[in-house]
Amino acid sequence: MAQATDITTGTTASWDGEGRVKVVGILCNWCSYAGADGAGTARLRQPFDFRIVRVPCTGRIDPLHILKAFEKGADGVLVSGCHPGDCHYAEGNYYARRKLELLERMLPQLGFEAERFKYTWVSASEAQRWQQVVTEFIKGVEKLGPREGRAL
Amino acid sequence: MSPANGNYEAVEQRIRELARAALEEGRVDYFIGWTTGYNESEVIPGFVRSADKVDDLVWNPLAAYNLTTFLKRKMPDPPQAKIGVAVKGCDSRTLVSLLQENLVDRERLYVVGVPCEGIVNRRAVSKVFANEVVKIEVAGDQINVTNQDGETKQLAREDYLLDHCRSCNYPNPRYFDDLAGEAVPEPEDQTPMWREIEEFEALPEKEKDRLMAEAFEKCIRCYACINACPVCYCWDNCVCRSRQPKLVGQKVNAQENLMFQMVHMFHVAGRCPSCGNCDRACPVEIPLYLLHRKMNKELKEMLDFEPGIDLEQKPVFQTFDVNDPFGQH
């Protein structure tokens, strides 16, 4: 069976998807998406088990969107936006922060390991930091492996 | 919760007097209180529309129903009616939550506050007999239960209180126009207690996952929880019944059911004081308190916030503080 090694996380998995994790990233258009784009332009190595959803602002994200991603089979969800104080819309991420913090605290009650969800802030100029954040997050999810027998 | 003083009759009389006066003077078109159900084992919501019917109203430790549910916007019938309502401590907190968001009209409301000494868990009491319970009587610290064959059992009131009554910090209403009876002593230490969820919280994630799946497999999606919820009010715009956006499907399986319940939980976050109306409404006994009690615990830790305490407070998710002590990184 054809194997692929993810150079950044060091894990080996088959190409047909067995043993691979699905990780969804929800990134704000103005900071984190640009940061991830910058990381690509700079040819920084990034893990490939990662699917990005671009949103106008983290304030647009409903905690239910994240739960929906989990329900549809995601093994981890990473949310990233502008640093507090740097929001393109001035205050969107302050509202987001409260909702995301509550979600993060509620997830263990639903049977999720803490490593499966993270929210963080990465600016457009922080390509290096983006590489570090996404690599660490996916390493954490890969350690847990795909979710099975789940309530949600 | 302190032992009962058994002052229920005096309070009941006072509720009737206040309701009668309000109806006779035309200050309300109808009064929502508690009344006896189809037998003496149950207390249900009662709508009193004329002064000569106020003697139907009762007050005893079976009056669990949170009557502010009937105040949700668009629910009043007819829409311009002036409504009188009786509230316990926890009910008043949901009323404060509704008032904070201008969801009910204060001018059209007459609120009778009822100091509460704890409500008996009727569901637990009715299970002490295999057949039907026809009468539950609370006398002091004792509960006398009678079944359809006339057999009786005595139970200790303390063992059959609702979970959230045992750790209640706000037995007196937070908002009312008239108080029916004297305020009961409030606990000096008002730090919330969360002992009913501690056991579940301590379980490993895999076990919680399994138990949640088991609990939500039973859900029949009757929507009783959201209909009984006093602070859940989207009605026709509810995302649970919407196909665009389609957050929740109409399939009834554990995942969709839990997703549906999470919609409820996240949408009432900051308004829900865990009055327990959803738990009591659930026909398949899903332990919903594991979700809303947990949510309130986390809100308390995150923002030092308790829902429905202060009329002037802004709902937590409609505002923010740049110095919120999380998500700084």
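Every chain is numbered from 1 and lettered A, B, ... according to where its sequence line falls, protein lines coming before strand lines. Quick note: numbers below take in every heavy atom, side chains included, and nothing from hydrogens, waters or symmetry partners.
- Side-chain contact between B:Glu301 and A:Arg105 is present, with at least one heavy-atom pair separated by less than 4.5 Å.
- Side-chain atoms of B:Lys208 never come within 3.5 Å of backbone atoms of A:Leu110 as a donor-acceptor pair (strictly under, hydrogens ignored).
- There is no contact between A:Asn93 and chain B, counting heavy-atom distances below 4.5 Å.
- Judged purely by atom type and a 3.5 angstrom limit, A:Arg97 uses its side chain to pair as donor or acceptor with the backbone of B:Asp321.
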Audit row: A:Asp62, B:His267, side chain to side chain contact (heavy atoms under 4.5 Å, CB included) steps and yes/no | CA-CA 10 Å; A:Asp62 188 322; B:His267 283 183; 4.1 Å; yes
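- A:Glu91 CD to B:Thr319 OG1: the interatomic distance, rounded to the nearest 0.5 Å, is 9.0 Å.
- For a residue to count as touching a neighbouring chain, one of its non-hydrogen atoms must lie under 4.5 Å from one of that chain's; by this rule B:Ala215 does not touch chain A.
- By the 6.0 Å contact criterion, CD on B:Gln190 is enclosed, its count of non-hydrogen atoms from other residues, nucleotides or ligands being greater than 12.
- The contact between B:Phe266 and chain A is made entirely by side chain atoms (from C-beta outward), counting heavy-atom distances below 4.5 Å.
- Minimum heavy-atom separation, B:Gly327 to A:Pro84: O-CG, 3.6 Å.
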Passes side chain to side chain contact (heavy atoms under 4.5 Å, CB included), B:Glu256 versus A:Glu71? Steps please.
-> CA-CA 8 Å; B:Glu256 297 279 5; A:Glu71 196 222 317; 3.6 Å; yes
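- Closest of all the heavy-atom pairs between A:Met106 and B:Leu291 is CE-O, 3.5 Å.
- The aromatic rings of A:Tyr94 and B:Phe320 sit parallel, their planes meeting at an angle under 30°, below the 60° perpendicular limit.
- Here the CE-CD1 distance, from B:Met262 to A:Ile66, works out to 11.5 Å after rounding to the nearest 0.5 Å.
- The contact between A:Pro63 and chain B is made entirely by side chain atoms (from C-beta outward), counting heavy-atom distances below 4.5 Å.
- Heavy-atom distances place no part of A:Phe70 under 4.5 Å from chain B, backbone and side chain included.
- Nearest heavy atom pair, residue B:Ala213 against residue A:Ala151, reads N-CB, 3.5 Å.
- We find the CG-CZ distance between B:Asp209 and A:Arg147 to be 6.5 Å, quoted to the nearest 0.5 Å.
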Could you go through the side chain to side chain contact (heavy atoms under 4.5 Å, CB included) check for A:Arg150 and B:Gln255 one step at a time?
-> CA-CA 8 Å; A:Arg150 57 218 164 79; B:Gln255 289 178 349; 3.6 Å; yes
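- The shortest heavy-atom contact between A:Lys68 and B:Leu247 is NZ-O, 2.8 Å.
- Within 6.0 Å of the CZ atom in B:Arg210, the count of heavy atoms belonging to other residues, nucleotides or ligands exceeds 12.
- Remark: B:Lys294 NZ to A:Leu102 CG distance equals 10.0 Å, nearest 0.5 Å.
- With a 6.0 Å radius and a threshold of 12 heavy atoms from other residues, nucleotides or ligands, B:Lys300 has its NZ atom above the threshold.
- Across every non-hydrogen atom of B:Glu205 and A:Phe112, the tightest pair is CG-O, 3.2 Å.
- Within 6.0 Å of the CD atom in A:Gln128, the count of heavy atoms belonging to other residues, nucleotides or ligands does not exceed 12.
- Looking at B:Gln318, the atoms closer than 4.5 Å to chain A (heavy atoms on both sides) all sit in the backbone: N, CA, C or O.
- The nearest pair of heavy atoms linking B:Lys206 to A:Glu113 is NZ-OE2, 4.2 Å.
- Proximity to chain B is absent for every atom of A:Leu100, based on heavy atoms less than 4.5 angstrom apart.
- A 4.5 Å side-chain heavy-atom check between B:Phe326 and A:Glu104 finds every atom pair outside the cut-off.
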Start with the C-alpha gap between A:Leu64 and B:Val248, add the side-chain angles, then the distance that decides, and say whether side chain to side chain contact (heavy atoms under 4.5 Å, CB included) holds.
-> CA-CA 10 Å; A:Leu64 299 165; B:Val248 182; over 6 Å; no
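- Of the listed residues (B:Asp324, B:Val316, B:Asn253, B:Leu258), the greatest number of heavy-atom pairs within a distance under 4.5 Å of chain A belongs to B:Asp324.
- Remark: A:Lys72 NZ to B:Met259 CE distance equals 10.0 Å, nearest 0.5 Å.
- Checking side-chain atoms of A:Gln109 against main-chain N and O of B:Leu290 turns up a donor-acceptor pair under 3.5 Å.
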